[in-house]
Every structure is written in structure tokens, then in C-alpha cells.
Participant: 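What follows is a single structure, and I will ask about it in a moment.
Scope of the values below: all heavy atoms of this structure, side chains included, with no hydrogens, waters or symmetry mates. By convention here, the first residue in the shown sequence is residue 1.
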Amino acid sequence: MEEGTGAYEEAPSPLPATSYSYYKPNHRESISDDKQLELVTQGLEHNWRSSSFSNVVLKKEKVTLDVFITDPILVDFSVFNLWIEGHTAKEASLRRKALSSGTPFDGQLFPELIGRDTIDQFRNFDLLEPILENPESFHNESLIQIELHVFRKMVNEYYSLNEDFLRELAGKKLRPRLKSNLDDISEKLKMPLRRCIRQFDNLKRIYSIVMDKKREAKLTTPVTEYLNQKYWISKDLSMKYCKYIFLSYHQIQTTDKRLNKFLTAGDLEFFAGVLMDQWTTDCYYLDLNKVFTEDIRDCKSYLLGDKVNIEKYRSLVIQKMAADSEVEEKKLGNLSHKFSDIMKTILKMGAGISKSKEFEDILDDLVKKVAEACYRQNFNSREVTCFFKSLIACFNPMMTSLQYTRHSDRLANNWFKFIEGIRQCVLQIYVIQSEERRNKKLFPTTLTTSNSKESSSQIQ
């Protein structure tokens with residue numbers, strides 16, 4: 001890249017056509033650098049004297065040139081990160097100068113060079129931004145040359161997402177109206193508005209392309225793989241985008257007072273990942289499997305349709321838990337009395353996930369209904385795992401006792417996915433409870449100290 005500014009006191013306009021001839025040594029001729037410089041200088045002087053400019057007096061002090069030439073361009077990622085964070089060139093220069101204060105480079109010249117270098121790098125980044133938005137155009141770019149591995153790293157940084165910003169957007173449709181609220185989010189998070197806009201635009205761009213591919217049924221590979229190929233971002237970052245697209249697509253409610261206070265962006269990513277992994281099957285990771293939701297509705301009808309059935313299931317589960325010796329006898333007695341109520345809560349929630357309006361409240365239901373029911377039984381994480389695994393293990397014998405043979409293997413598999421998804425989410429809620437976020441408990445119930453020690457290790 002070349003940049004320069006110059007000023008003459010007098011200059012004829014327009015410039016006359018002038019032919020320039022410079023000394024070009026034969027490729028066989030050996031010539032020193034000093035000699036070549038002298039010959040080039042003589043050639044320039046000769047051309048000047050023979051031109052119409054020969055009588056013009058130049059005031060050299062008026063000529064100021066700032067020149068930066070490199071191919072490929074050099075990228076200082078510490079400066080690039082400042083640009084990504086939404087700082088202006090002036091703000092970035094001041095930060096860099098502050099870092100040089102008190103060092104051997106702390107003088108008058110070095111800070112000035114920092115300022116010029118920062119402005120130049122920011123200008124490069126502005127030129128590169130359209131290509132960063134659409135990395136596939138990189139190979140057609142001729143204006144700026146940059147090494148491929150450097151560009152890939154820049155793309156991954158450009159599409160990076162801030163956890164606090166994501167928490168503000170989680171579960172909301174990425175509409176233009178939401179973009180108008182970015183001023184408030186910027187002020188709340190004390191984050192430069194430019195950084196908020198960049199992240200919103202990136203989310204919106206990827207969300208739109210995934211929705212377009214889904215609508216046209218043209219996506220034949222998993223979304224994570226598609227994003228990795230199209231936008232050159234890492235698999236981990238691709239999955240992060242998928243999880244927030246999932247939350248936005250279903251408009252999962254995360255703004256409830258209790259949820260908003262305790263659930264972080266990391267928690268929401270975890271819940272979205274579990275639901276996508278266990279309850280969806282297509283390559284989009286978006287729509288719940290229709291066969292899955294129908295089978296869970298059938299389970300509700302079979303187990304709750306006849307009181308005898310739920311009693312048989314209760315008996316099998318309690319016996320299994322007692323045989324495993326994982327739960328105290330007193331707790332098993334309490335669970336036996338509350339089993340029907342807990343199962344009704346779980347099954348009604350499962351029957352409603354096929355309806356978009358009810359699925360929006362899935363996190364609220366998991367926290368306030370299912371997890372809180374386990375807390376009321378004073379279960380620790382190990383006992384929660386035992387309970388849900390017993391629900392899975394006893395399901396097939398239960399269906400056999402009902403002489404249910406139609407799609408029995410498929411039904412058992414979908415029941416496993418349903419209960420396993422709930423188990424992982426409940427254990428994560430136990431982790432949240434044990435962390436005592438904001439010096440308050442997610443639930444008022446006081447559990448044994450072993451609960452907080454075992455919660456993290458049980459999520460497997």
C-alpha cells in the first residue's frame with residue numbers, strides 16, 4: 001500500500017507530458033548500490049532540467065510524505081484486536097502509547113511513529129472489512145495482498161462473540177428493530193457501539209444464510225461444517241453460532257427474572273447444546289424431530305392414561321433405585337409418594353414441546369418444575385443421576401408389561417433421548433445452584449454439602 005501527500009508553492013497545471021529515462025544496467029553487468037543510486041540521481045536531474053519545471057523553485061520544507069510499502073501487508077494483531085473492539089484509531093494510539101510509557105521507547109519520536117502506524121493499520125483493516133465479512137472473496141482480492149494463514153486468523157477474530165453481548169441477545173429474533181436498541185446495550189455493557197454493531201451484523205448475516213439454506217432445502221451438511229467452510233471460522237466458533245441461532249429460532253425465553261439473574265451465556269450455550277444434541281436430528285440442528293415429539297406424546301398417553309400403568313412404572317423405578325443403593329431409604333420413601341406428581345410434570349412438559357409457544361418456556365419449565373421438584377426431594381447430583389437413569393432403564397420392561405410392540409425400539413430410544421436431555425440440564429442447574437451466584441440461591445431449599453462437590457463431575 002502506498003500513501004503520500006505533497007505540496008508545492010508553485011506548479012503549472014496541467015502537467016506537461018515528459019518522457020523519463022533512467023539508467024538500467026545490463027543483467028550481466030555488476031554494479032554497486034552506491035553507483036546505481038548515483039546513476040539514478042543523475043538521470044532524475046537530467047530529466048528535471050530538460051522539463052518545463054526547470055525554472056520552478058521548489059520549497060522542500062513544504063513537501064511532507066508518509067509512505068508505507070509492504071507486500072504482503074503486516075498485521076499487528078494487538079492493533080487488530082483494538083479495531084475489533086470498536087476503538088477509533090485515536091483511542092487505539094493512546095492505548096499503545098500508554099503501554100510504551102516508562103520503557104526505553106518512551107520518547108518524542110516513538111509515540112509519533114505509534115500514532116502513524118496505528119492510523120495506517122486501521123486504514124488497512126477498513127479496506128479489508130468487506131473481505132472479512134465474506135471470506136470466500138479472498139482469492140479474488142487484488143487490492144491488498146495478505147498471507148492466507150494471517151487472513152484466516154483475522155476472520156476468526158472478526159467473527160468472535162462477546163459473552164455479555166450474547167446474553168443480551170439470547171432468545172430474541174434478530175430483527176432490524178433489535179439493532180436500533182444496540183445503543184442501550186452498548187451503554188449497559190460499557191462496550192463501544194461499533195463492536196456491538198459488528199457482532200449483531202455477523203449474527204444476523206449467518207442467521208439469514210442458514211435460514212435461506214433451510215428454506216431452500218439446499219444444506220446437505222451439518223450447519224457447523226457449512227459455516228466452517230463458508231466463513232472459515234473454527235468448529236468451536238461455528239457451534240457457538242449454531243447454539244444462538246437455535247435459541248433465536250425458537251425464541252427460547254431467557255428474560256424471566258430468576259433466569260436472567262442466574263443464567264450466564266455459558267449456561268445458555270450448554271442448554272442449547274444439550275437440546276440440539278438430544279432432541280433434534282436434522283443437519284440444521286434447529287427443528288425438533290417430529291417422530292421424537294410424537295413418541296413423547298404417546299408416552300404421556302400410555303403412562304398417565306391409566307393409573308395402574310403409572311403405579312407399575314413407579315414400582316419398577318423404586319425397586320431399581322433401591323437395588324443400586326444410590327439413594328437413602330428415607331428419600332426413596334418420599335420419592336415413592338411424589339413419583340406420580342413428578343412424572344406428570346415431566347410428561348406434560350414433554351407433550352408440549354411440539355408446540356412452539358410451549359417450547360419457548362422450556363428453560364423455565366426445566367428450572368422451576370423439574371429441577372425444583374428434585375430439590376424438594378433433597379436429592380444431590382448423584383441421586384438425580386440415579387433417578388433419571390432408572391426412568392430410562394425401567395421403560396422397556398414397562399412397555400413390555402403393557403404388551404406395547406409397535407415401534408417399541410424407536411419409542412425406547414426416543415424416551416432415552418428425552419430423559420437424558422432433562423438429566424443433563426438438571427445437573428447443570430445443580431452446578432448453578434452450588435455456585436451461589438450473586439450470593440443468592442437459585443432455589444431456597446438447602447442441600448447437603450456433598451451436592452456442590454459432585455455436581456460438575458456428574459454431567460457426562
Participant: Ignoring hydrogens and angles, tell me if any N or O in the side chain of Ser248 forms a donor-acceptor pair with the backbone of Lys172 under 3.5 Å.
Facilitator: yes
Participant: Looking at Arg194, I want to see if its CZ is surrounded by more than 12 non-hydrogen atoms of other residues, nucleotides or ligands under 6.0 Å.
Facilitator: yes
Participant: Is there a donor-acceptor pair closer than 3.5 Å between any side-chain N or O of Glu383 and the backbone N or O of Asn380?
Facilitator: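 Yes, the answer is positive, given that a donor and an acceptor are paired below the 3.5 Å cut-off.
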Participant: Have Thr264 and Asp267 got a donor and an acceptor in their side chains that come within less than 3.5 Å?
Facilitator: yes
Participant: Indicate every side-chain donor-acceptor pair of residues 337-355 with a distance under 3.5 Å to a residue at least two apart or in another chain.
Facilitator:
{"unit_1": "His337", "atom_1": "ND1", "unit_2": "Gly333", "atom_2": "O", "d": "2.8"}
{"unit_1": "Thr345", "atom_1": "OG1", "unit_2": "Asp341", "atom_2": "O", "d": "3.1"}
{"unit_1": "Ser354", "atom_1": "OG", "unit_2": "Arg297", "atom_2": "NH1", "d": "3.0"}

Participant: Measure across Gly86 and Pro192 and return the closest heavy-atom pair with its distance rounded to 0.1 Å.
Facilitator: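 Nearest pair, atom of Gly86 first, then Pro192: O-CB, 3.7 Å.
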Participant: When the ring centroid of His139 is compared with that of Trp232, is the distance short of 6.0 Å?
Facilitator: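 When the ring centroids of His139 and Trp232 are compared, they turn out to be within the sub-6.0 Å range.
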Participant: Between Arg123 and Asp120, does any NZ, NE, NH1 or NH2 come within less than 4.0 Å of an OD or OE carboxylate oxygen?
Facilitator: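 Result for this pair is yes, salt bridge flagged.
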Participant: Write down the atom of Asn378, the atom of Lys331, and the distance for their closest heavy-atom approach.
Facilitator: O-NZ, 2.9 Å
Participant: Of all the heavy-atom pairs spanning Asp365 and Glu358, show the shortest one and how long it is.
Facilitator: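 Result for this residue pair: OD2-O, 4.4 Å.
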Participant: Distance alone, cut at 3.5 Å: any donor-acceptor contact between the side chains of Asn202 and Arg205?
Facilitator: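 Distance-only check passes for Asn202 and Arg205.
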Participant: Centroid-to-centroid, Phe80 to Tyr158, below 6.0 Å?
Facilitator: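 That pair fails the under 6.0 Å test.
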Participant: With a cut-off of 6.0 Å (strictly less than), are more than 12 heavy atoms of other residues, nucleotides or ligands near CD of Glu187?
Facilitator: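 No.
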Participant: Can any side-chain N or O of Ser234 pair as donor or acceptor with the backbone N or O of Leu237 at less than 3.5 Å?
Facilitator: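 Yes; at least one donor-acceptor contact below 3.5 Å.
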Participant: Using a distance-only test with no angle check, is there a side-chain donor-acceptor pair under 3.5 angstrom linking Ser315 and Glu311?
Facilitator: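 No donor-acceptor contact under 3.5 Å links the two side chains.
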Participant: Under a 4.0 Å N-O cut-off, is there an ion pair linking Asp287 with Lys214?
Facilitator: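 Looking at Asp287 and Lys214, the cut-off is met.
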Participant: Identify the heavy atoms of Gly266 and Glu163 that sit nearest to each other, and give their distance.
Facilitator: N-OE1, 3.7 Å
Participant: Should the ring pair Phe379 and Phe387 be called parallel, tilted or perpendicular, given that the plane angle runs from 0 to 90° and is split at 30 and 60?
Facilitator: tilted
Participant: Between the side chains of Asp117 and Arg96, is the shortest nitrogen-to-carboxylate-oxygen separation below 4.0 Å, so that they form an ion pair?
Facilitator: yes
Participant: Could Lys204 and Asp201 be called an ion pair, given the rule that one side-chain N must be under 4.0 Å from one carboxylate O?
Facilitator: no
Participant: Quick one: do Lys290 and Glu294 make a salt bridge, cutoff under 4.0 Å?
Facilitator: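 Not counted as a salt bridge, because no side-chain N and carboxylate O are separated by less than 4.0 Å.
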Participant: Check the orientation of Phe418 and Trp415. Use parallel for under 30°, tilted for 30 to 60°, and perpendicular for over 60°.
Facilitator: tilted
Participant: Compute whether any side-chain donor of one residue and acceptor of the other, for Gln199 and Asn162, lie under 3.5 angstrom apart.
Facilitator: no
Participant: Can you see which heavy atom on Trp279 is nearest to which on Lys417, and at what distance?
Facilitator: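 The pair with the smallest heavy-atom distance is NE1-O, 3.2 Å.
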Participant: I'd like to know if the side chain of Gln121 reaches the main chain of Asp76, judged simply by a donor and an acceptor atom lying under 3.5 Å from each other, with no hydrogens or angles considered.
Facilitator: yes
Participant: For a quick check under 3.5 Å, do Tyr159 and Lys240 share a side-chain donor-acceptor pair by atom type?
Facilitator: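 No, no side-chain donor-acceptor contact under 3.5 Å.
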Participant: Please check if the side chain of Glu420 supplies one atom and the backbone of Gln278 the other of a donor-acceptor pair under 3.5 Å.
Facilitator: no
